[in-house]
Amino acid sequence: MEPSLEYLRRLGIDLPDEKALSLKCKRSDVEILFVRCSDIPTYIEQNVADFGIIGENVLIEQNCKLPILERLSFGECSLVIAVPYESGISCVQDLEGERIATSYPSSLKQFLRENGVNAAIVQIEGSVELSPSLNLADAVCDIRQSGNTLKENGLRVLENIFDSEAVLISKNYEKILL
Amino acid sequence: MPKEMAKRELVMNKIKTIFARFGYDSIETPIICPAETILGKYGEEGDKLTYSFDDNGGRRIALPYDLTVPFARLVAANWQDLPMPFKRYQIQRVWRAEKPQKGRLREFYQCDIDIIGSKSLLCEAELAKVIMTVFKELGFKQFKIKVNSRRLLNDVLTKFGVGEKAVEVIRIIDKLKKIEEAAVIDMLEELGLNSPKELIETLVQERLGDFDLSEINQFFEYCEKLGVDQKYLEFDPCLARGLDYYTGISFEVYSDEAPFGALCAGGRYDDLCGLFCKEDFSGVGVAFGFERLMLAMEEMGQFKEMQSNSKVLVTIFDKDSIDNSLKIYSSLLEAGINSELYFQPEKLAKQFKYADKKGVPFVIVCGPEEIARGEVALKLMKSGKQKNIPTNQLISYLSSYYEN
């Protein structure tokens, strides 16, 4: 969240120094809402908020078509497929019939579709990297930032699905800016 | 055969879902009908093509030639109990004693929708929207909904002094799509028309400035507001529909992807129920020719390899493992996964062969080793890959399996 606030400050938005889910800015009519990342597209779609700062990965996962106004060069990460070091899976086609754990089922499906691969999708919300060692999955599809978590869990990257960063989105920005 | 039926059911269900989306309810009408309820409703040619026979009790029986007339009869008998206007869909077999050829069978399914009890042109516009939706969702890209007005056609015929011969003239004009203009003109001349060439030119070249086009224009306007893409619509003043009972807007749908005649046709009929009761209900409807849709979709390559209903075959490794296989089979069924059990502990190769022939994508093998480890061996028939997974993950594996 800190880089987002930093970005707002750089835009000259004067944030009050309090903690609340919504903050009215001093000296401007801007109100900042702090909501779950995955809820941001809904707020924008329903015209509850005018602008959103969100990870592009969330937009892609929700198949959200809202226009991106600016790429913000923070929150950089990638969605990758990773497998245990000792795994016999050595290319995307080898994933056929395997169990893939992920919190990104729709991005994963899209990827499988593009590659003509069929597989079982084990949907879990967190600690995805643990699942191969627990025999819950044969591969994972998860966000990689530094790569340390993957390494710590004995996983190597098989394929990069997409790169992501924080982006600024809006629905009717042309009208708003008028 | 099962694989053909799987395709037919897939398409039929898609069509039904679309009809239901627009608020049409389903009905069925009898197949064996007293001949007088069918004959004489479609003109001479229709009568010739109607299957009729005497039953063992010497009653004259006919089989439905289409679904519109039986529907009109049903409405005439039950209109007091029906919501009016009444929107129904009906998918049933009809029979025509024709020489069978590609896209033309003696026994075939029609998928009809009709709105009865409203004269509003909004009905026609809605039908155009249904037609567009069906063709788009069945994967057609190049299709044209040809539209004309029988009222307009009658006006043109009146101007050319056609008078009493209108029915025959319309039937000849209807042939314009199959035979040359000159031949049609000859036929009209033979019929004793004074200026057949001018009549045909008026229609073909759309010289319609002197006629009332308000019905057609209003229809196109409503279609536009309803989001019927204009690229799919085409006004065709020559469109005549050979049947006698049309009175207003009529439709025929053609597709470059299916060069064997109209895939869907219909129109407004004002007086059809009047044949069966005193009440007067205006109706409008179209019939989709199911066999032709199937043929076109087949040629367009719309069907993937069809699978059998069962997704999983549970094999029986040997006599001792029957109980375990039964337990797995039962748990799959309870989880709502389409599956089946091989009935005998035969050689696995034979059980695999059965799955292969039937097109079952997953085969489960569970011998003493797997049982000891709490696992099942799962064979993916498409790739031939085999993998072991914990038995208690089997259901989640199968239900979360993503298939292209």
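To find a chain, count down the sequence lines: A is the first, B the second, and so on, and within it residues start at 1. Only this structure's heavy atoms are used, side chains among them; waters, hydrogens and symmetry mates stay out.
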- Could you go step by step and tell me if A:Y104 and A:F111 meet the ring-ring contact (aromatic ring centres under 6.0 Å, His included) rule? CA-CA 11 Å; A:Y104 289 80; A:F111 172 77; over 10 Å; no
- Task: Could you label the plane-to-plane angle of the B:F143 and B:F140 rings as parallel, tilted or perpendicular, counting under 30° as parallel and over 60° as perpendicular?
- Result: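 Perpendicular.
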- Message: Given heavy-atom pairs under 4.5 angstrom as the criterion, report whether the side chain, backbone, both or neither of B:L378 touches chain A.
- Response: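 Answer is neither: B:L378 stays 4.5 Å or more from chain A.
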- B:S396 versus chain A, heavy atoms under 4.5 Å apart: side chain, backbone, both or neither?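 Interface part for B:S396: neither.
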- Query: Quick one: of B:K385, B:E403, B:K382, who has the most non-hydrogen atom pairs under 4.5 Å with chain A?
  - Reply: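 It is B:K385.
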Taking side chain as everything from C-beta outward and backbone as N, CA, C, O, which of these in [X] sits under 4.5 Å from a heavy atom of chain B? Side chain, backbone, both or neither.
{"X": "A:L136", "result": "both"}
{"X": "A:D138", "result": "side chain"}
{"X": "A:Q123", "result": "neither"}

- Task: Could you tell me whether B:Y232 and B:F135 have their ring centroids closer than 6.0 angstrom?
- Result: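 They do not qualify: ring centres at least 6.0 Å apart.
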- Test applied, salt bridge (charged side-chain N to carboxylate O under 4.0 Å, His left out); reference residue, B:K102; option that passes from B:E298, B:E299, B:E291: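 By the salt bridge (charged side-chain N to carboxylate O under 4.0 Å, His left out) criterion, B:K102 pairs with just one of B:E298, B:E299, B:E291: B:E299.
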- Message: Check this for me: does any side-chain nitrogen of one of B:E126 and B:K129 sit under 4.0 Å from a carboxylate oxygen of the other?
- Response: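 Answer for the salt bridge query: no.
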